Amino acid sequence: MYGEIFAGVGRDPADEIDAVFSDNVTQDPVMVRDIPFFSMCEHHLLPFFGHAHLVYVPDRHIAGISKIARALDTASRRLQVQERLTAQLADAVLSRVEPLAVACRLEAEHMCMSMRGVHKPGHRVVTTAVRLATNSSANGSGSAVAPRDLLDMLGH
């Protein structure tokens with residue numbers, strides 16, 4: 001059981017994004033919503049779980065969509081905090097897909113807040129991460145991606 005729950009320990013989430021395609025890529029946003037995840041709070045050793053939403057603007061490559069879900073699984077299957085999990089997913093997509101921009105939003109319920117302490121089941125913790133490319137084929141071509149636009153797409 002613990003081998004499965006902590007299967008992401010020592011693994012790089014970016015390594016899961018191993019299907020990247022470069023044919024006929026447009027710069028239209030790609031969004032994946034409602035990817036479920038489960039993780040373990042590193043402070044209380046209790047689960048937190050929810051859904052991830054991710055949008056990226058391709059430059060030269062697109063990712064196999066299931067690979068984004070696999071990267072999330074790898075990053076979440078370890079002792080974790082939600083803020084870092086959000087950043088690790090955005091960083092994995094940025095490093096492997098090399099998009100113009102990527103934004104992630106995670107919404108989760110934390111059992112450390114639901115079943116102990118303040119006892120507030122049903123709450124949602126929302127974290128976001130936005131990354132912009134520093135080197136891309138669109139730099140200098142007048143193509144700009146506004147972080148606010150990406151967050152709006154994620155429902156921020």
Side-chain angles (χ1 to χ4, degrees), residues 1-22 25 29-134 145 147-156:
M1 173 177 78
Y2 290 109
E4 181 180 358
I5 292 172
F6 297 112
V9 173
R11 295 177 49 207
D12 183 352
D15 290 343
E16 300 298 329
I17 305 174
D18 59 2
V20 178
F21 308 99
S22 302
V25 174
V30 176
M31 183 184 304
V32 186
R33 295 188 55 84
D34 299 317
I35 309 168
F37 71 89
F38 302 87
S39 194
M40 291 290 275
C41 172
E42 71 181 36
H43 298 123
H44 302 100
L45 300 178
L46 291 170
F48 66 94
F49 58 92
H51 290 88
H53 317 290
L54 181 135
V55 60
Y56 71 94
V57 179
D59 186 12
R60 298 175 303 267
H61 312 289
I62 56 172
I65 296 300
S66 69
K67 304 305 182 176
I68 293 171
R70 289 182 190 275
L72 174 62
D73 284 346
T74 297
S76 65
R77 291 182 181 168
R78 57 181 78 167
L79 292 176
Q80 189 62 278
V81 294
Q82 185 174 332
E83 296 86 347
R84 184 184 322 120
L85 177 57
T86 308
Q88 287 174 344
L89 181 58
D91 291 340
V93 172
L94 185 67
S95 71
R96 294 294 181 182
V97 184
E98 300 175 341
L100 297 173
V102 60
C104 296
R105 175 184 167 114
L106 271 62
E107 302 176 29
E109 180 172 351
H110 293 244
M111 290 292 97
C112 51
M113 189 169 157
S114 295
M115 62 185 281
R116 58 161 295 281
V118 296
H119 297 278
K120 298 297 181 192
H123 72 279
R124 285 284 183 239
V125 175
V126 178
T127 52
T128 58
V130 177
R131 305 290 186 266
L132 301 176
T134 55
V145 177
R148 172 58 50 200
D149 293 340
L150 294 175
L151 291 173
D152 286 346
M153 291 179 77
L154 292 175
H156 182 74

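The model shown is predicted, which means the values in this text are computed figures rather than measured ones. The figures that follow rest on heavy atoms only: side chains count, while hydrogens, waters and symmetry mates do not.
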Which atoms form the tightest heavy-atom contact between Ala14 and Ser95, and what is the distance?
-> CB-OG, 3.6 Å

Leu106 versus Ala52, closest heavy-atom pair with distance | CD1-CB, 3.8 Å

Asp18: partners by salt bridge (Lys or Arg N to Asp or Glu O under 4.0 Å), with sequence neighbours left out | Lys67

Minimum side-chain heavy-atom gap Leu150-Val57 below 4.5 Å | yes

So which heavy atom on Met153 is nearest to which on Pro29, and how close?
-> CE-CB, 3.6 Å

Can you tell me if Gln82 uses its side chain to pair, donor with acceptor, with the backbone of Val125 under 3.5 Å?
-> yes

Identify, with sequence neighbours excluded, every residue that meets side-chain hydrogen bond (donor to acceptor under 3.5 Å, both in side chains) alongside Arg96.
-> Asp15

Those residues that, when tested against Asp12, pass salt bridge (Lys or Arg N to Asp or Glu O under 4.0 Å) (two or more places apart) = none

Give the minimum heavy-atom separation between Ser114 and Gly122, together with the two atoms involved.
-> OG-N, 4.3 Å

Would you check if Ile5 and Phe38 make a side-chain contact, meaning some heavy-atom pair closer than 4.5 Å?
-> no

Between Arg105 and Leu154, the two heavy atoms sitting closest are CD-O, 3.4 Å

Can you list every pair that meets salt bridge (charged side-chain N to carboxylate O under 4.0 Å, His left out) and has a residue in residues 115-130, with sequence neighbours left out?
-> none

Check against side chain to side chain contact (heavy atoms under 4.5 Å, CB included), Val25 and Arg60 | CA-CA 6 Å; Val25 174; Arg60 298 175 303 267; 5.9 Å; no

For residues 86-106, the ring pair (Phe, Tyr, Trp, His ring centres under 6.0 Å) pairs (sequence neighbours left out) are none

Spell out, as yes or no, whether a donor-acceptor pair under 3.5 Å connects the side chain of Glu98 to the backbone of His61.
-> no

Listed pairs under 3.5 Å, donor-acceptor, residues 41-50 side chains, sequence neighbours left out:
from: Glu42; atom 1: OE1; to: Arg84; atom 2: NH1; distance (Å): 3.0
from: Glu42; atom 1: OE1; to: Arg84; atom 2: NH2; distance (Å): 3.2
from: Glu42; atom 1: OE2; to: Arg84; atom 2: NH2; distance (Å): 3.2

Please identify each residue that fulfils side-chain hydrogen bond (donor to acceptor under 3.5 Å, both in side chains) with Glu16, with sequence neighbours left out.
-> Arg11, Thr74

Pick out which of Leu54, Ile65, Val102 makes a side-chain contact (heavy atoms from CB on, under 4.5 Å) with Val30.
-> Ile65

Residue pair Leu100 / Pro58, side-chain heavy-atom distance below 4.5 Å | no

Rounded to the nearest 0.5 Å, how far does CG of Leu94 lie from CG of Leu132?
-> 9.0 Å

Set of side chain to side chain contact (heavy atoms under 4.5 Å, CB included) partners for Ala63, sequence neighbours left out | Ile17, Tyr56, Ile68, Val97

For Arg78, which residues count as a salt bridge (Lys or Arg N to Asp or Glu O under 4.0 Å) partner, sequence neighbours excluded?
-> none

For Arg131, check salt bridge (Lys or Arg N to Asp or Glu O under 4.0 Å) against everything at least two apart and list the hits.
-> Asp91

In short, Leu89 meets Ala71 closest at the heavy-atom pair CD1-CB, 4.2 Å

For atom CE of Met31, decide whether the heavy atoms of other residues, nucleotides or ligands shown that lie under 6.0 angstrom number more than 12.
-> yes

Set of side chain to side chain contact (heavy atoms under 4.5 Å, CB included) partners for His51, sequence neighbours left out | Asp34, Pro36, His53

Residue set satisfying side-chain hydrogen bond (donor to acceptor under 3.5 Å, both in side chains) with Ser39, at least two apart, ordered chain then number -> none

